[in-house]
Amino acid sequence: MASRPKKSLESVSIGKETPVVPHKTVGETKKSLTLKLNDSDYERLRRYAFETKQSHQAVIEAAVLAKLDAVKV
C-alpha cells in the first residue's frame, strides 16, 4: 500500500475556534462508524484534539462535514 502524504490537520480547513455544527434534525438518530488510523496519524489527531480542547469525535465530525459541504453531497 502506498503511504499517504503527511499533512497538518490544519489543511482540513477547520479552525481551532470552529464549533462543530452537526447536520441533525429533530428525531434523527446517529450512526456509528469505525475509523482506523496508523499510530502516527492517531497521535496527530490526539494532539490536535488536545490543543483545541475538542474530543476526537468533534474533530472527525467537523472534518467530515466540512468535506461533504465542500463537495455539495
Side-chain angles (χ1 to χ4, degrees):
M1 183 189 301
S3 75
R4 295 187 328 235
K6 301 291 182 191
K7 291 185 180 179
S8 168
L9 288 175
E10 297 293 336
S11 68
V12 179
S13 300
I14 300 171
K16 291 185 177 184
E17 289 78 33
T18 302
V20 176
V21 181
H23 301 207
K24 183 178 178 185
T25 58
V26 175
E28 190 174 316
T29 61
K30 289 193 170 198
K31 305 292 184 197
S32 297
L33 299 173
T34 300
L35 174 67
K36 295 187 181 211
L37 296 173
N38 61 35
D39 290 340
S40 61
D41 289 338
Y42 176 79
E43 181 61 26
R44 292 168 59 213
L45 171 62
R46 189 192 67 75
R47 190 176 316 118
Y48 180 82
F50 176 78
E51 289 173 359
T52 59
K53 296 183 174 116
Q54 298 180 71
S55 66
H56 293 178
Q57 169 71 29
V59 173
I60 294 167
E61 185 174 7
V64 169
L65 293 176
K67 181 65 173 182
L68 292 174
D69 289 346
V71 296
K72 305 292 185 213
V73 172

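Keep in mind the model is a prediction, meaning the values are calculated, not measured. Hydrogens, waters and symmetry mates play no part in the numbers below; they use all other heavy atoms, side chains included.
Every residue meeting the side-chain contact (heavy atoms from CB on, under 4.5 Å) condition with Leu35, not counting sequence neighbours, appears here in chain and number order: Leu37, Ile60.
Side-chain rings of His56 and Tyr48 stay apart, their centers remaining 6.0 Å or farther from each other.
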Which is it for Arg47 and Glu43 under the salt bridge (Lys or Arg N to Asp or Glu O under 4.0 Å) test, yes or no, and what are the steps along the way?
CA-CA 6 Å; Arg47 190 176 316 118; Glu43 181 61 26; 3.8 Å; yes
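Side-chain contact of Ser55 with Gln57: a donor-acceptor pair under 3.5 Å is absent, judged by distance alone.
Asp39 CG to Arg46 CZ: the interatomic distance, rounded to the nearest 0.5 Å, is 12.0 Å.
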